[in-house]
S.K.: 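Submitted below is the structure of interest, expressed as structure tokens.
Indexing begins at 1, ligand by ligand and atom by atom, following the structure's order.
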Amino acid sequence: MSIAITGASGKLGKLILKYLRQQATNEPLIACVRKPEGTTDYEELGVEVRYCDYDVPGSLAPAFTGVDKLLLISGSDIDDTVRLRQHTQVVEASKRAGVKHLSYTGFAFPGTVQVPPVPLHLATEQAIITSGIPYTFFRNALYADLTSQFGLDSAIRTGELATFPGEWRFNTVTREDLAKAISSVLGSRPAPHHVNRIYELTAPRFWTFQNLAEALSEISGKNVVHREDPQIQSWIYGYLSKLNTTSTTEDLETLIGGPATSLKESILPLIEWKK
Ligand SMILES: NC(=O)c1ccc[n+]([C@@H]2O[C@H](COP(=O)([O-])OP(=O)(O)OC[C@H]3O[C@@H](n4cnc5c(N)ncnc54)[C@H](OP(=O)(O)O)[C@@H]3O)[C@@H](O)[C@H]2O)c1
């Protein structure tokens with residue numbers, strides 16, 4: 001049962017392959033990358049490396065030949081029109097290559113939101129369903145990196161987390177947790193219960209800016225208070241207000257088989273401030 005992953009040179013892809021290597025020791029693993037040079041670490045792990053560029057349609061079907069399970073990790077182009085074309089080409093090539101199961105990393109609780117990247121992810125899911133290939137969709141919540149937008153180090157330095165007023169609630173996840181969850185599905189065999197399933201990979205509960213200030217206080221040992229400031233101007237608030245950042249499920253913890261990383265733990269790697 002061979003398992004291939006696109007975007008395998010990226011942060012999420014690397015982690016998924018790491019966890020797959022740990023559990024599916026006998027399954028052939030294939031890293032599909034657009035720059036095969038510089039991937040010696042994969043070869044050392046016994047992971048086959050294949051050339052695959054979403055923008056080079058001719059590279060795709062050969063990369064997927066003989067693959068049983070393919071995970072398409074959404075691309076990173078800033079233009080969603082480009083990304084949709086890339087993803088559609090991957091779906092078409094998967095069909096041509098005879099891929100038996102196609103998984104995709106989308107966005108959690110898309111609803112009917114019309115702001116990028118939600119329409120892209122829904123359109124890609126539709127293309128996969130239309131292809132007739134059995135699928136699993138991993139709809140990932142916002143990465144914990146998002147919290148950097150609110151000035152974590154500055155809040156520790158000043159003792160104040162200043163944010164735009166509002167009933168803000170966020171649900172964020174670490175790539176580590178996502179990788180554990182996704183690899184548990186990809187590596188499981190046989191797995192009929194994962195076929196044509198959608199997992200909303202969110203944290204089990206949302207957090208508020210008050211919670212974020214408390215986490216910063218615990219990390220720094222300093223008192224960090226939360227204050228609302230209507231003078232704050234940042235694109236991030238307008239953007240986030242259009243997304244569903246609060247709905248939660250147990251899917252992530254169920255697939256991991258344990259608790260998701262706490263807010264405090266998930267922001268630790270993002271903080272440069274040292275005690
Ligand atoms: N949930 C969220 O909050 C959130 C936030 C940001 C992004 N995302 C999505 O999640 C995905 C994975 O996250 P990540 O942190 O692993 O991102 P990342 O580190 O930027 O990795 C992106 C991967 O996509 C590959 N890629 C880009 N264009 C490609 C192309 N034309 N052909 C083949 N591969 C291509 C990159 O290859 P190279 O190494 O060759 O560039 C890289 O392996 C992102 O790509 C994005 O779609 C989600």
S.K.: Regarding E48 and Y42, is there a side-chain donor-to-acceptor distance under 3.5 Å anywhere?
M.R.: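 No.
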S.K.: So, do E214 and F209 sit near enough that their side-chain heavy atoms are less than 4.5 Å apart?
M.R.: no
S.K.: Are any of the heavy atoms in I73 under 4.0 Å away from ligand 1?
M.R.: yes
S.K.: Return yes or no for this condition: an N or O of L142 is under 3.5 Å from an N or O of ligand 1.
M.R.: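 For ligand 1, there is no N or O atom that lies under 3.5 Å from one belonging to L142.
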S.K.: Within the 4.0 Å heavy-atom shell around L12, which atoms of ligand 1 are there?
M.R.: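 Those atoms are 14 (P), 16 (O).
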S.K.: Looking only at protein heavy atoms, which one is nearest to atom 30 (C) of ligand 1, and what is the separation?
M.R.: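 Sorting protein heavy atoms by distance from atom 30 (C) of ligand 1 puts Y54 CD1, 3.4 Å first.
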S.K.: For atom 29 (C) of ligand 1, which candidate among K14, Q89, R34 provides the closest heavy atom?
M.R.: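 Answer by nearest heavy atom: R34.
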S.K.: Looking only at protein heavy atoms, which one is nearest to atom 9 (C) of ligand 1, and what is the separation?
M.R.: S74 OG, 3.6 Å
S.K.: Looking only at protein heavy atoms, which one is nearest to atom 27 (C) of ligand 1, and what is the separation?
M.R.: S76 OG, 3.2 Å
S.K.: For ligand 1, which atoms have a heavy atom of S9 less than 4.0 angstrom away?
M.R.: 37 (O), 38 (P), 39 (O), 40 (O), 42 (C), 43 (O)
S.K.: Less than 3.5 Å between some nitrogen or oxygen of F107 and one of ligand 1, yes or no?
M.R.: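 No - when backbone and side-chain N and O of F107 are compared with those of ligand 1, no distance drops under 3.5 Å.
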S.K.: As an exercise, identify every atom of ligand 1 less than 4.0 angstrom from a heavy atom of Q86.
M.R.: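 Heavy-atom distances to Q86 below 4.0 Å select 31 (N).
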S.K.: Tell me whether atom 38 (P) of ligand 1 lies less than 4.0 Å from at least one protein heavy-atom position.
M.R.: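 Yes.
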S.K.: Where is the nearest protein heavy atom to atom 21 (O) of ligand 1: which residue, which atom, and how far?
M.R.: G10 CA, 3.3 Å
S.K.: So, 4.0 Å and heavy atoms of D53: is ligand 1 close enough to count as a contact?
M.R.: yes
S.K.: Can a donor-acceptor pair be found between the side chains of T208 and N211 at a distance below 3.5 Å?
M.R.: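 T208 vs N211: donor-acceptor pair found between side chains.
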S.K.: Near R83, which atoms of ligand 1 are under 4.0 Å from a heavy atom of that residue?
M.R.: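 Once the distances to R83 are compared, the set is 46 (C), 47 (O).
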S.K.: What is the distance from atom CD1 of I16 to atom CZ of R21, rounded to the nearest 0.5 Å?
M.R.: 14.5 Å
S.K.: Under the salt bridge (charged side-chain N to carboxylate O under 4.0 Å, His left out) rule, what do K18 and E176 come out as? Steps first, then yes or no, please.
M.R.: CA-CA 10 Å; K18 178 182 91 172; E176 283 278 346; 3.8 Å; yes
S.K.: Classify the side-chain pair D177/T261 by whether it contains a donor and acceptor separated by less than 3.5 Å.
M.R.: yes
S.K.: Under a 4.0 angstrom heavy-atom cut-off, which atoms of ligand 1 come close to G75?
M.R.: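 What qualifies from ligand 1 is 44 (C), 45 (O), 46 (C), 47 (O).
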S.K.: Is it the case that Y54 and T6 place a side-chain donor and acceptor less than 3.5 Å from each other?
M.R.: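 Short answer, yes.
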S.K.: Is it the case that more than 12 heavy atoms not belonging to E37 sit under 6.0 Å from its CD atom?
M.R.: yes
S.K.: At what distance is the nearest protein heavy atom to atom 13 (O) of ligand 1, and which residue and atom is it?
M.R.: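 Of the protein heavy atoms, Y143 OH, 2.9 Å lies nearest.
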S.K.: Would you say R175 touches ligand 1, if touching means a heavy atom closer than 4.0 Å?
M.R.: yes
S.K.: Evaluate the side-chain proximity of L186 to L20: yes if any heavy-atom separation is below 4.5 Å, no if none is.
M.R.: yes
S.K.: Assess A141 for proximity to ligand 1: is some non-hydrogen atom of it under 4.0 Å away?
M.R.: yes
S.K.: Rounded to the nearest 0.5 Å, what separation is found between the CD atom of Q89 and the CD atom of Q86?
M.R.: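 So the CD of Q89 and the CD of Q86 are separated by 7.5 Å.
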